[in-house]
Amino acid sequence: MSADPDCLFCKIIAGAIPAEIVHDGERTLAFRDINPQAPMHVLVVPRAHAHNAADSAEADAAMFAEIATTARTVARAEGYDDYRLVFNTGAGVGQTVFHTHGHVLAGRPMGWPPG
Ligand code: AMP
Ligand code: ZN
C-alpha cells in the first residue's frame with residue numbers, strides 16, 4: 001500500500017515529522033520510540049504502509065525479512081546480542097499505530113510471559 005497521509009509513521013518516513021533515526025534501510029527505517037520502555041527501544045518500520053506484520057509479510061516477504069535483520073543490526077550497534085522483537089497486532093493487545101512496526105527492546109531484564 002502506498003503512503004497514508006493520515007498515518008504517523010508514514011509522516012516520519014516522509015520526513016514531515018521528526019524522529020531520531022538510527023538506521024536507514026532500503027525497505028525499512030528504524031527510529032527511537034518517543035516513550036522508551038527499555039534502555040534501548042527502537043521501532044523498525046517498513047517504508048510501505050500496511051496495518052500490521054502479517055499484512056506486510058503478505059505484501060512483500062523480503063521487506064518483512066528486512067525488519068528482522070534491521071532489528072539485529074540496530075541492537076548489535078548498541079552492544080546488544082539479546083533483544084526482544086515485538087509486533088503488537090490489534091488494539092486489543094495494545095497496537096496504537098496502524099503502520100507495521102517491530103519494537104526492538106533491550107538493556108534490562110524482561111519478564112516472560114509479557115504483561
Ligand atoms: P504500538 O502501541 O505497538 O502501536 O506502538 C506504537 C509506539 O509508537 C509506541 O511505543 C509509542 O511510544 C510510539 N510512538 C508514538 N508516536 C511516536 C513518535 N512521534 N515517534 C516515535 N515513536 C512514537
Ligand atoms: Zn503508514
Side-chain angles (χ1 to χ4, degrees):
M1 206 189 290
S2 56
D4 175 346
D6 297 324
C7 171
L8 174 65
F9 290 170
C10 283
K11 290 178 188 169
I12 288 176
I13 290 161
I17 289 180
E20 190 180 341
I21 292 166
V22 296
H23 186 84
D24 199 342
E26 191 182 328
R27 301 183 182 91
T28 61
L29 189 71
F31 52 89
R32 292 196 195 283
D33 197 291
I34 205 167
N35 182 23
Q37 301 300 314
M40 186 184 92
H41 187 173
V42 165
L43 302 175
V44 184
V45 305
R47 293 184 180 281
H49 181 86
H51 288 170
N52 58 49
D55 284 0
S56 288
E58 275 179 352
D60 185 339
M63 172 265 282
F64 190 68
E66 191 180 300
I67 296 175
T69 54
T70 299
R72 182 179 61 191
T73 298
V74 298
R76 281 187 178 162
E78 300 193 19
Y80 300 111
D81 286 329
D82 297 350
Y83 54 89
R84 187 167 287 173
L85 175 58
V86 177
F87 295 90
N88 291 324
T89 301
V93 297
Q95 187 177 5
T96 58
V97 179
F98 290 85
H99 179 127
T100 304
H101 52 281
H103 294 259
V104 189
L105 298 142
R108 65 165 171 81
M110 284 180 211
W112 190 263

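Read the numbers this way: they start at 1 and go in the same order the structure lists the ligands and their atoms.
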Worksheet item: Is Phe87 in contact with ligand 1, taking contact as a heavy-atom separation below 4.0 Å?
Response: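 Contact absent.
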Worksheet item: Is Phe98 near ligand 1, meaning one of its heavy atoms is under 4.0 Å from it?
Response: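 False for this residue.
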Donor-acceptor pair, distance only, cut-off 3.5 Å: does the side chain of [X] make one with the backbone of [Y]?
{"X": "His101", "Y": "His99", "result": "yes"}
{"X": "Gln95", "Y": "His51", "result": "yes"}
{"X": "Arg72", "Y": "Asp81", "result": "no"}

Could you find the nearest protein heavy atom to [atom] and give me its residue, atom name and distance?
{"atom": "atom 4 (O) of ligand 1", "answer": "Thr96 N, 2.7 Å"}
{"atom": "atom 16 (N) of ligand 1", "answer": "Leu8 CD2, 3.3 Å"}
{"atom": "atom 7 (C) of ligand 1", "answer": "Asp33 OD2, 3.5 Å"}
{"atom": "atom 1 (P) of ligand 1", "answer": "His101 NE2, 3.1 Å"}
{"atom": "atom 2 (O) of ligand 1", "answer": "Gly94 O, 2.7 Å"}

Worksheet entry | Within-cut-off N or O pair, Val97 and ligand 1, under 3.5 Å |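 The answer is yes, given that Val97 and ligand 1 share an N or O pair closer than 3.5 Å.
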Which atoms of ligand 1 have any heavy atom of [X] under 4.0 Å away?
{"X": "Asn88", "result": "3 (O)"}
{"X": "Arg32", "result": "21 (C)"}
{"X": "Phe9", "result": "8 (O)"}
{"X": "Asn35", "result": "12 (O)"}

Where on [X] is there a heavy atom closer than 4.0 Å to ligand 1, on the side chain, on the backbone, on both, or on neither?
{"X": "Val86", "result": "neither"}
{"X": "Ile34", "result": "both"}
{"X": "Gln37", "result": "neither"}

Worksheet entry | For Asn88 against His103, the heavy-atom pair lying closest together |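 Result for this residue pair: ND2-NE2, 3.8 Å.
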Discussion item. Using every non-hydrogen atom in the two residues, find where Cys10 and Ala3 come nearest and quote the distance to one decimal.
Written reply: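 Looking at all heavy atoms of both residues, the shortest contact is SG-CA, 3.8 Å.
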Fill in: Co-membership, hydrophobic cluster, residues Ile17 and Ile13, 4.5 Å side-chain
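Same cluster.
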Worksheet item: Would you say Leu8 and Leu29 are hydrophobically clustered, going by side-chain heavy atoms of ILVMFWY under 4.5 Å?
Response: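 Result: yes, single cluster for both.
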Worksheet item: Does Glu78 pair with Arg32 as a salt bridge, N-O distance under 4.0 Å?
Response: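 A salt bridge links Glu78 with Arg32.
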Discussion item. Just to confirm my numbers, could you give the angle made at the Zn ion (ligand 2) by SG of Cys7 and ND1 of His99, rounded to 10°?
Written reply: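 About 110°, to the nearest ten degrees.
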Worksheet item: At the Zn ion (ligand 2), what is the angle formed between atom SG of Cys10 and atom ND1 of His49, rounded to the nearest 10°?
Response: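 Taking the Zn ion (ligand 2) as the apex, I get 110° for this pair.
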Worksheet entry | Single hit among Val42, Val44, Asp24 for side chain to side chain contact (heavy atoms under 4.5 Å, CB included) with Thr70 |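 Single side chain to side chain contact (heavy atoms under 4.5 Å, CB included) partner of Thr70 among Val42, Val44, Asp24: Val44.
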Worksheet item: What do the steps show when you test Arg47 against Asp60 for salt bridge (charged side-chain N to carboxylate O under 4.0 Å, His left out), and what is the final call?
Response: CA-CA 11 Å; Arg47 293 184 180 281; Asp60 185 339; over 6 Å; no
Worksheet item: When rounded to the nearest 0.5 angstrom, what distance separates OH in Tyr80 from CG in Leu105?
Response: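 With rounding to 0.5 Å, OH (Tyr80) is 11.0 Å from CG (Leu105).
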